[in-house]
Amino acid sequence: MAVSSYIGRFAPSPTGPLHKGSLLAALASFLDARANDGQWLLRIEDLDPPREVPGAADRILRQLDQHGLHWDGPVLYQSSRLPAYQDALQQLSHRGLLYACDCNRTRLRTLGGCYDGSCRSNKINTAAANPSQSHAVRVQLPNPCSISLDDLIQGSLQFDLNKSGDFILWRRDQLPAYQLACSLDDAYQGISHVIRGSDLLDSTPRQMHLLQCLGIKIPQYAHIPVLSNAQGEKLSKQNHAPALNLHKAQANLLDCLELLGFSGPPELSKASIPQVLTWAIEHWQLNKIPPRDRVTESDKA
Ligand code: GLU
């Protein structure tokens, strides 16, 4: 029997417990992996201690478990991968692609989201790529820098990375930036399919660019709509999205399935969690997911 080469993942940040919006991404990535006989890996993106909530990582693992979303293999914690991120930084600096940026917040704010490259002359040589100084490290983009993405849900998209400019790989507070850690770890874990929320669509071309620079194979991407509240804001800790009610795990799953465009037969409402997931795996089709950037509870089928 042919072994599937599909490897998917869910990569939550431990900034709080999962809410319905994060369950949507977990479920979509789980179902796509299982429907393709693939593995589903779990990565905890714990690289931002100031934003982390003590105990949140363990709580997320329990929440996934209670929703029947069982991952394969050990959990990867990004905090254990710092040497790999530093290595990649060294490689990029050897190629003359990095520079130190000491622009302060006030200056960056006046630029309105498009970095103007004003620090480009502060090239970082290999020795200084050791990120122990109080500047941020940016990657210099070529001009033009146009990235084409064939998103499995949102279709063909074209991005001009110069519209937002050179981006940060290592933060001024000496932490690796999300773009660097995420793209390296997708490669390290052998991820073939990244299924995640459309709020990360802007990050995808940056991650593709980094993988290209490092000569690493780019995975396939699919961006699902994010769950928004009635005011159109993405559900998040900032707007007080409630943690998942674990007494309603089965109903939470059915709700998320409906939001993704899958409504089952009436009997499913009385089915067990494993039965719901088995039904969902059998009926799963990425092209049924609405190619939109957001959904709200009122969009349920
Ligand atoms: N850790 C990110 C978050 O929780 C998601 C990363 C990803 O799926 O690429 O928003």
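Counting starts at 1 for both ligands and their atoms, in listed order.
The shortest side-chain heavy-atom distance between I273 and H67 does not fall under the 4.5 Å cut-off.
Residue R196 has at least one heavy-atom neighbour below 4.0 Å for each of these atoms of ligand 1: 7 (C), 8 (O), 9 (O). Each of the following atoms of ligand 1 lies closer than 4.0 Å to a heavy atom of C182: 9 (O).
At a threshold of 4.0 Å, the pair R171-D48 counts as salt-bridged, since one of the basic side-chain nitrogens sits closer than that to a carboxylate oxygen. Checked for salt-bridge contact, K163 and D202 miss the test: no charged N lies under 4.0 Å from a carboxylate O.
Looking only at protein heavy atoms, the nearest one to atom 8 (O) of ligand 1 is R9 NH1, 2.7 Å. At the top of the distance list for atom 5 (C) of ligand 1, counting protein heavy atoms only, stands A11 O, 3.3 Å. Looking from atom 6 (C) of ligand 1 to the surrounding protein, the closest heavy atom is E45 OE1, 3.3 Å.
Taking CG from D185 and OH from Y77, the interatomic distance works out to 14.0 Å, rounded to the nearest 0.5 Å.
With sequence neighbours left out, the salt bridge (Lys or Arg N to Asp or Glu O under 4.0 Å) criterion links D37 to no other residue. Judged as a salt bridge (Lys or Arg N to Asp or Glu O under 4.0 Å), and not counting sequence neighbours, the contacts of D72 are R34.
At a heavy-atom cutoff of 4.0 Å, ligand 1 is contacted by no atom of Q78, backbone or side chain. Residue-level proximity to ligand 1 for V194 is absent, since no heavy atom of it falls below 4.0 angstrom. Of the heavy atoms in F10, none comes closer than 4.0 Å to ligand 1. Proximity of S13 to ligand 1, defined as any heavy-atom pair under 4.0 Å, is shared by backbone and side chain alike.
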Checklist entry - Can D186 and Q207 be said to form a side chain to side chain donor-acceptor pair (under 3.5 Å), step by step? => result CA-CA 10 Å; D186 282 337; Q207 295 174 8; over 6 Å; no
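Polar contact check, R43 against ligand 1: no nitrogen or oxygen pair lies under 3.5 Å apart.
Put simply, no part of Q207 is less than 4.0 Å from ligand 1, judged by heavy atoms.
Using a 30° and 60° split on the angle between ring planes, F30 and W40 fall in the perpendicular class, above 60°.
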